[in-house]
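Worksheet for the structure shown next.
Residue numbers run from 1 in the order of the sequence given.
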Amino acid sequence: MDPEDPDYGGFVHPSSRFVDGRQSILKGQELCALYLTPGVDLPWSRSRLARHVGAHLAFLRTCAYEDGSIDHLGSGIGTGPEAGFVLPFLCETFRRFSASDLPEQREALDTLEPFILRSADVVRREPALTSNHRWAACAGPLSVVQGLFPNPKNASVIDDYLADGIDLNDDGLYYEERSPNYDTVANWGLILLADHYRRPDLLKLVERNLRFALKMRQPNGEAETLFSLRQDRGKAGASFGNYYIMRRIANESGDGVLAQGADQLLEEMEKSDDRDRIITSYHLLSVARRADELTIARKPLPNNYVEWFNTSAMWRARSMGAAATVAADPGGHYFDTILGGWGGAKRSDAVMSYHFHDAVIASVKLLWGAGIGGLRPQRIEQLGDNEVRLSFDDPGWDHIAHFRREERREPRRLPVNLRGSIDVAWQACGEVALRIRVEGWERVPVNLQLLLREQGELVPADKGPLALERGGRTYSDGGTYTLRSPAGARVEVLGLPQSKHQLNLGKSPPIPGKAERRAHRLIAGLLTPVDFRVVLRPVRPVDT
C-alpha cells in the first residue's frame with residue numbers, strides 16, 4: 001500500500017510474488033464488490049476498505065499499455081483478450097458506482113469510463129488468440145460494453161465472430177480445445193451474449209455442453225480430461241463445471257439432472273481451498289442474476305451407461321463406481337501438423353483412462369520406436385455394444401532440411417511400417433479388457449504404459465507394496481499387480497507380459513499434459529510383433 005510502489009493497488013500473487021495485470025484487476029473488482037454490495041459482512045472497516053478501493057483505482061490508471069492492451073501473464077506481450085476478460089467486471093463496477101452516492105463515485109467513474117472505452121477499442125482491434133477468446137474475451141465482453149457505451153463497431157466485431165459459427169458439436173463438446181476448463185470459459189461468454197446481445201438461443205448450446213460435462217464426470221467427482229488439448233489435460237481434481245453456470249441453466253431448462261449437478265458443484269466449491277472457485281465477482285453474479293434458488297426437483301446424475309460420442313471420436317462407459325473413456329484424436333487443431341519436426345503430425349497418444357472410485361489410471365499409452373512413434377489414433381470404430389477399436393497406421397513423415405538454403409530444403413521421407421490397435425471391451429461390473437497388437441518391422445521396442453495417479457500404492461503379487469511416486473517407473477515382471485488408492489479402492493491389472501527391455505520410450509509426448517509429468521508409470525517393455533490381452537478388474541467392496 002505504498003503510493004510510490006509501481007504496483008500500488010495491485011495484488012501480489014502469494015507464490016510467485018508477481019503482480020499480474022489481469023488477475024489484479026479481477027481481484028480488484030471483488031474488492032469493489034465487497035464495498036458496493038449492501039448487507040455484506042466486511043472483513044475491514046468501511047474507511048479501510050475505501051482506502052483499498054482508492055488504491056486499486058490508482059492501479060487501473062497505470063496497469064495497461066498505451067494502446068489499452070494488458071500484459072499476458074508476465075510475457076511482456078500486451079494483448080486485447082487480456083483486456084477483454086476484465087471488461088464485464090469493470091462494467092458492473094461502473095454501473096454500481098453510478099447508482100451509488102459514495103464519496104469515491106466521481107473518481108471511480110472518471111477512472112473506469114476511459115479504461116472501459118480504451119479496453120473495448122483494443123478488443124475490437126486485436127484478434128482472439130484462442131477459440132474460447134472469441135466468446136469470453138471478445139464478443140461476450142463487447143456485448144456487455146454495448147449496454148453502457150453503445151458503439152456500432154462493437155456490434156460489427158460481435159457479428160463477425162458469430163459468423164464463424166460456435167465450435168460446439170452435436171455431442172456437446174467444444175471441439176477446438178476439447179478442454180473441460182475452457183468449457184466453463186466459453187459457456188460464460190455465450191451466456192453474456194445471450195443476456196446482453198439478445199441471443200437466448202445460445203443458452204441451448206450451453207445446456208448441451210453441460211449435459212456432456214455430466215456424462216464426463218468421474219466416480220470421484222472430477223472431470224475427465226483425457227481428451228483435452230489445453231493445460232488441464234491429465235489434471236487431478238479438475239472440476240466438471242461451474243456452480244453458477246450450472247444453476248443458471250438448470251433454472252432456464254427446469255431440468256432436475258442439471259439441478260443435481262449444481263448441488264454437486266456447490267458442495268465441491270464449499271469444500272475447496274481454491275479460492276478461485278468461490279467467486280463473488282460480478283461476471284458470475286451477472287450469470288446468476290436471473291436465477292433464483294433452485295426449487296427444481298432433483299434427478300440422479302448419470303452413472304450407469306455406455307455412450308458413443310461419434311462426432312467427437314470418443315466412447316465412454318460407467319457403472320458401479322468404475323468408468324472408462326476411450327478417445328481418438330481426429331486432428332484439425334493447432335497441434336495437428338509441424339514443419340521439419342521429428343514424429344510427424346502431432347496427435348494425442350493418450351488413448352484411454354480408467355477410474356474406479358479414487359483409483360485412477362490417468363492414461364493408457366502404446367509407444368514404439370525410440371519414443372517418436374506410437375498409437376496416435378485418428379480412428380475409433382465400434383465393434384459391438386460394449387467394445388471399440390482404436391487403430392493407427394504410421395506411414396512415416398517428411399523431415400525438412402531447414403539448415404540448408406531455402407531453395408534446397410527438399411523433404412526427406414522417413415518411412416515407417418508399424419501398425420497398431422487396441423480393442424477395448426467393457427463389462428457391466430466395470431471390468432475392462434484390452435487387446436493390444438503391433439505389427440510391421442520386427443524387434444522394434446514397444447512400451448505399453450499405464451499412467452497411475454501418483455497417490456496410493458502398487459502391489460505386485462506376493463510382494464510388498466510400492467509407493468506411487470511422482471515420475472516413478474515400474475517395469476512389469478509378468479505377474480498380477482493391484483493398484484490401491486489412498487481411500488482403499490483397488491484395481492487388479494492382469495496379463496501384463498514380462499518386460500524384455502527397459503528403454504524409456506515416450507519421454508516427450510506429442511501433446512503434453514499433467515499426467516505425463518507427474519504419474520507413476522507401470523510399463524511392459526516389449527519387442528514387435530506384439531499381441532496380448534490385459535484386464536483391469538475392480539475389486540469390491542471398497543475398503544474403508
Side-chain angles (χ1 to χ4, degrees), residues 81 84-85 127-141 143 158 160-194 197 199-218 222-235 238-246 248-249 252-253 258 261 265 283-284 287 307-316 325-336 346-348 350 353 378 380 511 513:
F85 275 122
L129 302 177
T130 70
S131 173
N132 71 76
H133 280 177
R134 291 176 295 169
W135 321 123
C138 299
S143 73
I158 294 169
D160 183 53
Y161 280 121
L162 287 172
D164 288 349
I166 311 296
D167 56 314
L168 187 80
N169 65 23
D170 290 341
D171 295 328
L173 174 71
Y174 287 102
Y175 54 82
E176 289 285 357
E177 294 174 306
R178 297 166 66 101
S179 162
N181 178 63
Y182 286 102
D183 285 0
T184 294
V185 177
N187 284 338
W188 169 51
L190 295 189
I191 290 174
L192 292 178
L193 283 166
Y197 207 60
R199 285 290 306 269
D201 58 299
L202 298 179
L203 297 180
K204 288 295 183 182
L205 300 184
V206 176
E207 181 181 341
R208 188 193 307 169
N209 173 257
L210 297 185
R211 294 188 189 284
F212 174 81
L214 289 177
K215 284 288 179 69
M216 290 294 167
R217 180 177 175 271
Q218 301 290 20
E222 69 185 32
E224 172 64 272
T225 61
L226 173 84
F227 51 85
S228 175
L229 299 176
R230 297 301 305 269
Q231 52 268 66
D232 58 343
R233 177 186 177 91
K235 179 182 178 181
S239 178
F240 68 90
N242 174 277
Y243 163 67
Y244 298 98
I245 291 175
M246 191 76 74
R248 165 70 183 273
I249 301 303
E252 293 279 349
S253 64
L258 296 179
L265 287 167
H283 74 297
L284 290 179
V287 161
E307 187 138 353
W308 175 254
F309 296 98
N310 184 53
T311 309
S312 306
M314 284 190 282
W315 176 87
R316 179 165 167 83
T325 306
V326 181
D329 181 0
H333 50 72
Y334 61 96
F335 281 124
D336 194 18
K346 284 203 171 189
R347 294 189 176 90
S348 172
S353 72
Q378 295 172 255
I380 182 171
I511 299 177

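- A side-chain donor from one of Asn209 and Asn187 sits under 3.5 Å from a side-chain acceptor of the other.
- Leu202 places none of its side-chain heavy atoms less than 4.5 Å from the side chain of Ile191.
- Residue Ile166 holds its CD1 atom at 10.5 Å from CZ of Arg208, rounded to the nearest 0.5 Å.
- Taking every heavy atom of both residues into account, Ala186 and Trp135 meet most closely at O-CB, 4.2 Å.
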- Task: Could you walk me through whether Asp167 and Arg134 pass salt bridge (Lys or Arg N to Asp or Glu O under 4.0 Å), step by step?
- Result: CA-CA 10 Å; Asp167 56 314; Arg134 291 176 295 169; 3.1 Å; yes
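- Phe85 is linked by a ring-ring contact (aromatic ring centres under 6.0 Å, His included) to His133, counting only residues two or more places apart in sequence or in another chain.
- Cation-pi check for Arg230 over Tyr182 is met; the charged atom lies under 6.0 angstrom from the ring centroid and within 45 degrees of its normal.
- The structure places CD1 of Ile158 at 10.5 Å from CZ of Arg199, a figure rounded to the nearest 0.5 Å.
- When each of Thr225, Leu226, Leu229, Asp183 is tested with Arg178 by the rule side chain to side chain contact (heavy atoms under 4.5 Å, CB included), just one qualifies, namely Leu229.
- With hydrogens and angles left out, the side-chain atoms of Asp329 and Gln378 include no donor and acceptor closer than 3.5 Å.
- To the nearest 0.5 angstrom, Glu176 atom CD is 9.5 Å from Asp164 atom CG.
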- Task: Please assess Lys204 against Ser253 for the test side-chain contact (heavy atoms from CB on, under 4.5 Å), listing each intermediate value before the final yes or no.
- Result: CA-CA 9 Å; Lys204 288 295 183 182; Ser253 64; 5.6 Å; no
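- Distance OG1/Thr130 to CD/Glu177: 4.5 Å, rounded to 0.5 Å.
- Heavy-atom minimum distance, Leu258 versus Met246: O-CG, 3.3 Å.
- Taking all atoms of both residues into account, the shortest heavy-atom contact from Arg233 to Ala350 is NH2-CB, 3.1 Å.
- Between Ser131 atom OG and His333 atom NE2 the span is 13.0 Å, to the nearest 0.5 Å.
- Atoms CE and OG1, from Met314 and Thr325 in turn, are 8.0 Å apart once rounded to the nearest 0.5 Å.
- Considering every non-hydrogen atom in both Pro180 and Ala223, the closest pair reads CB-CB, 4.1 Å.
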- Message: Working note: Ser239 + Glu222, criterion side-chain hydrogen bond (donor to acceptor under 3.5 Å, both in side chains); need CA distance, chi angles, decisive distance, verdict.
- Response: CA-CA 5 Å; Ser239 178; Glu222 69 185 32; over 6 Å; no
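- Taking the centre and axis of the six-membered ring of Phe240, the NZ or CZ atom of Arg217 falls inside the cone set by 45° and 6.0 Å.
- Contact record, Pro330 with Ala328: CD-O, 3.6 Å, taken as the closest heavy-atom pair.
- Residues Ala139 and Leu193 come closest through the heavy atom pair O-CD2, 3.6 Å.
- Qualifying side chain to side chain contact (heavy atoms under 4.5 Å, CB included) partners for Asn169, counting only residues two or more places apart in sequence or in other chains: Asp171, Leu173, Tyr175, Thr311, Ser312.
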- Before giving the answer on side-chain contact (heavy atoms from CB on, under 4.5 Å), spell out for Asp170 and Phe309 the whole-Å C-alpha distance, their side-chain angles and the decisive distance to 0.1 Å. CA-CA 9 Å; Asp170 290 341; Phe309 296 98; over 6 Å; no
- Item | Residue pair Met216, Phe227: steps toward the side-chain contact (heavy atoms from CB on, under 4.5 Å) verdict | CA-CA 11 Å; Met216 290 294 167; Phe227 51 85; 3.9 Å; yes
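- In terms of modelled atom types and a separation under 3.5 Å, the side chain of Asn242 and the main chain of Ile245 share a donor-acceptor contact.
- Looking at heavy atoms from C-beta onward, Tyr197 lies in side-chain contact with Leu162 at the 4.5 angstrom threshold.
- A donor-acceptor distance shorter than 3.5 angstrom exists from the side chain of Asp232 to the backbone of Asn181, with no hydrogens or angles considered.
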